[in-house]
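Take a look at the structure set out below.
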Amino acid sequence: MTTPLAGRVALVTGSGRGIGREIALKLAAAGASVVVNDLDKDVAEQTAADIAAAGGKATACAGSVTDPGFAQRFVDTATDTYGGLHVVVNNAGYTWDTVVQKMTDEQWDDILDVHLKAPFRILRAAQPVISAAVKAERAAGVPRVTRKVVNISSVAGTAGNAGQINYSSAKAGVTGLTRTLAKEWGRYDVTVNCVAFGLIRTRLTEAPADGDASIDVDGRQIKVGVNPDLLARLETGIPLGRAGTPAEAAGAVYLFCQPESDYVSGQVVVCGGGFDG
Ligand SMILES: NC(=O)c1ccc[n+]([C@@H]2O[C@H](COP(=O)([O-])OP(=O)(O)OC[C@H]3O[C@@H](n4cnc5c(N)ncnc54)[C@H](O)[C@@H]3O)[C@@H](O)[C@H]2O)c1
C-alpha cells in the first residue's frame with residue numbers, strides 16, 4: 001500500500017465507532033499518525049490499538065468534544081505526541097430527535113454544541129499551530145504542504161429532515177463554517193471541505209429506535225437508532241438501492257484528505273448513494 005499521508009498528523013473526533021473509526025483506520029493506513037477521540041475511552045483506545053496492530057501510528061485522546069477544555073487538549077496531543085497537525089476531521093456526534101413542538105432547549109443546545117460549537121472550538125484551537133507551522137515551513141523553503149479540514153454534515157443539514165430541527169440546523173451550520181473557513185485559511189494552504197452523508201449503517205441509524213441502543217452523554221441515556229421499517233423504506237428511496245457502509249463513508253472523507261484534492265476547497269459533497277435528501 002502506498003502511503004501518501006506519511007509524515008502527516010490527523011485529528012479525528014468520534015473515531016471509536018462507526019464512520020469515524022473507519023476514517024481513522026483509513027488515514028492511518030495511508031501513513032498518517034492519528035489522534036483518536038471518542039466520548040467513550042474504551043472504544044477510542046480500541047481504535048488506536050487496532051491501528052497500531054496493523055502497523056500504523058495512533059494515540060487516544062478520550063473525552064467529550066463539548067468540554068470547554070477539550071479542543072486545546074486535542075490539539076496539544078497532536079503536537080506533543082507527533083510534532084505537528086495536518087488533517088482535522090470533525091465527525092463526532094449523535095442525534096436527539098423530536099418534532100419542533102416537543103423539542104426542549106436542552107435538546108437544541110446539546111445538539112448544536114456537539115455538531116457545530118465543538119468543531120468551531122477545535123478549529124479555533126488549531127489555528128495558531130497551523131499558522132506557526134506554515135510560517136516556519138515557508139521560511140525554511142520546504143515544499144508546500146496542503147493541510148486538510150473535513151467537516152461532517154448530513155443530508156438533514158443540506159435538505160432538512162422532519163423530526164430533526166436541532167440536528168438539521170446544526171448540520172446546516174457546519175456547511176457555513178466550512179465555506180467561511182475555506183476563505184479564511186486559503187492563505188495557510190489549508191483546504192476546508194464538508195461531506196454530508198445520506199444513510200450510512202452505523203449505531204446511529206441501524207439499531208431499532210424502540211430498542212436498547214443509547215448513548216450516555218453526561219450521565220443521560222439518549223436513544224439512538226432508526227425503526228427497522230423506516231430504515232427499509234428509506235433504503236428504497238436511495239438510487240443505489242441500499243444504505244452505505246462506514247468504510248464507503250470514510251472513502252468520501254478520504255477524497256478530501258489526499259493530495260489529489262489539494263486545489264479543492266469550500267465544497268460540500270453529498271455521500272448518499274445518489275440520495276441527496
Ligand atoms: N450514519 C448516518 O447515516 C449519518 C448520516 C449523516 C451524518 N452522519 C454523521 O456522521 C458522524 C458519525 O456518525 P456515525 O453514524 O458514525 O455514528 P456512531 O454513533 O456510530 O459514531 C459516532 C461516535 O461519536 C462519538 N461521540 C458522540 N458524541 C461525542 C462527543 N460529545 N465527544 C466525542 N465523541 C462523541 C460516539 O461515542 C460514537 O463512537 C456524525 O456527525 C453523524 O451526525 C451520520
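Just follow the structure's listing: the first ligand is 1, and inside any ligand the first atom is 1.
For the residue pair Lys148/His86, the side-chain donor-acceptor check at 3.5 Å is not satisfied.
With respect to Asn90, the side-chain contact (heavy atoms from CB on, under 4.5 Å) criterion is satisfied by exactly one of Ile152, Leu123, Val65: Leu123. Of the residues Leu112, Ile111, Asp113, the one that meets the side-chain contact (heavy atoms from CB on, under 4.5 Å) test with His115 is Ile111.
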Query raised in the report: Taking it one step at a time, do Glu206 and Arg201 satisfy salt bridge (charged side-chain N to carboxylate O under 4.0 Å, His left out)?
Result: CA-CA 6 Å; Glu206 205 163 28; Arg201 281 193 180 270; 3.3 Å; yes
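Side-chain heavy atoms closer than 4.5 Å link hydrophobic residues (I, L, V, M, F, W, Y) into clusters, and following such links, even through other members, never connects Val264 to Val268.
Every residue two or more places apart in sequence or in another chain that forms a ring pair (Phe, Tyr, Trp, His ring centres under 6.0 Å) with Phe70 is listed here: Phe74.
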When you check ligand 1 against the protein, what N or O pairs turn up below 3.5 Å? List the atom names and distances, or just say none.
unit_1: ligand 1; atom_1: 1 (N); unit_2: Ile200; atom_2: O; d: 3.1
unit_1: ligand 1; atom_1: 1 (N); unit_2: Thr202; atom_2: OG1; d: 3.3
unit_1: ligand 1; atom_1: 3 (O); unit_2: Gly198; atom_2: O; d: 3.3
unit_1: ligand 1; atom_1: 3 (O); unit_2: Ile200; atom_2: N; d: 2.8
unit_1: ligand 1; atom_1: 3 (O); unit_2: Ile200; atom_2: O; d: 3.2
unit_1: ligand 1; atom_1: 15 (O); unit_2: Thr202; atom_2: OG1; d: 2.5
unit_1: ligand 1; atom_1: 16 (O); unit_2: Ile19; atom_2: N; d: 2.9
unit_1: ligand 1; atom_1: 19 (O); unit_2: Arg203; atom_2: NE; d: 3.4
unit_1: ligand 1; atom_1: 31 (N); unit_2: Ser64; atom_2: OG; d: 3.0
unit_1: ligand 1; atom_1: 32 (N); unit_2: Val65; atom_2: N; d: 3.0
unit_1: ligand 1; atom_1: 34 (N); unit_2: Leu39; atom_2: N; d: 3.1
unit_1: ligand 1; atom_1: 37 (O); unit_2: Arg17; atom_2: NH1; d: 3.1
unit_1: ligand 1; atom_1: 37 (O); unit_2: Asp38; atom_2: OD1; d: 2.6
unit_1: ligand 1; atom_1: 39 (O); unit_2: Arg17; atom_2: NH1; d: 2.9
unit_1: ligand 1; atom_1: 39 (O); unit_2: Asp38; atom_2: OD1; d: 3.3
unit_1: ligand 1; atom_1: 39 (O); unit_2: Asp38; atom_2: OD2; d: 2.6
unit_1: ligand 1; atom_1: 41 (O); unit_2: Asn91; atom_2: O; d: 2.7
unit_1: ligand 1; atom_1: 41 (O); unit_2: Lys171; atom_2: NZ; d: 3.0
unit_1: ligand 1; atom_1: 43 (O); unit_2: Tyr167; atom_2: OH; d: 2.6

